[in-house]
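The figures here come from the full heavy-atom set of this structure, side chains too, leaving out hydrogens, waters and symmetry mates. The shown structure was predicted, so the numbers you read here are calculated from the model rather than taken from an experiment.
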Amino acid sequence: MSESGNNDRESAEALSDGLNRYCRSDLLSEDGLRELFERHGLRLTPNNDNALISDNYEFFRYACRNERVTEGIIRCLLEYFPAAANATNVFGWTPLHYACYNKNMTR
């Protein structure tokens, strides 16, 4: 793999790790997510799928299970990771399944 490819992979892993931690935390907020994206240089592009994220969007499921999740947080994550809406885990659940079962889900 080229040096550029390695840097992209390392950058994606750092973003994924940061998202996993942040989406499980008590600090979860839409503004915080946008700050995290900016810090990692993540930009929205047409048909943005951020394919370098390799954990099947587990962070999105963490966010949807988080008691602080809001509709705005889900919309923000979908802006940056539209493919996550259809990403299933071993149980066949998408992140939105978890959001529907989250009693704390708010607008």
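In this structure, OH in Tyr57 is found 10.0 Å from CG in Asn86, a value given to the nearest 0.5 Å. Atoms CG and OH, from Leu15 and Tyr22 in turn, are 13.5 Å apart once rounded to the nearest 0.5 Å. Within the model, atoms CG of Asn102 and CG of Asn66 stand 7.5 Å from one another, a figure rounded to the nearest 0.5 Å. Atom CZ of Arg65 sits about 12.5 Å away from atom CG of Leu28, to the nearest 0.5 Å. The distance from the CD atom of Glu58 to the OG atom of Ser16 is 9.5 Å, given to the nearest 0.5 Å.
Clustering ILVMFWY residues whenever any of their side-chain heavy atoms sit less than 4.5 angstrom apart, transitively, puts Leu33 in a cluster other than the one holding Tyr62.
With Ile74 as reference, Leu78 is the one residue of Leu78, Leu77, Thr70 to meet the side chain to side chain contact (heavy atoms under 4.5 Å, CB included) rule.
The heavy-atom pair separating Cys76 from Glu30 by the smallest distance is CB-CG, 4.0 Å. Of all heavy-atom pairs spanning Ile73 and Val69, the tightest one is CD1-CA, 4.0 Å. In this structure, Thr94 and His97 approach most closely via the heavy-atom pair N-ND1, 2.8 Å. In this structure, Pro95 and Ala85 approach most closely via the heavy-atom pair CD-O, 4.4 Å.
No salt bridge links Glu38 with Arg34; every basic N to acidic carboxylate O contact stays at or beyond 4.0 Å.
The side-chain contact (heavy atoms from CB on, under 4.5 Å) check on Glu35 picks up nothing, with sequence neighbours excluded.
Cluster partners of Tyr98, using a side-chain heavy-atom cutoff of under 4.5 Å among ILVMFWY residues and allowing indirect links, are Val90, Phe91, Trp93, Tyr101.
Between Phe60 and Phe81, the ring center distance fails the sub-6.0 Å criterion.
Judged by distance alone, with hydrogens and angles left aside, the side-chain atoms of Asn20 form a donor-acceptor pair with the main-chain N or O of Phe59 at under 3.5 Å.
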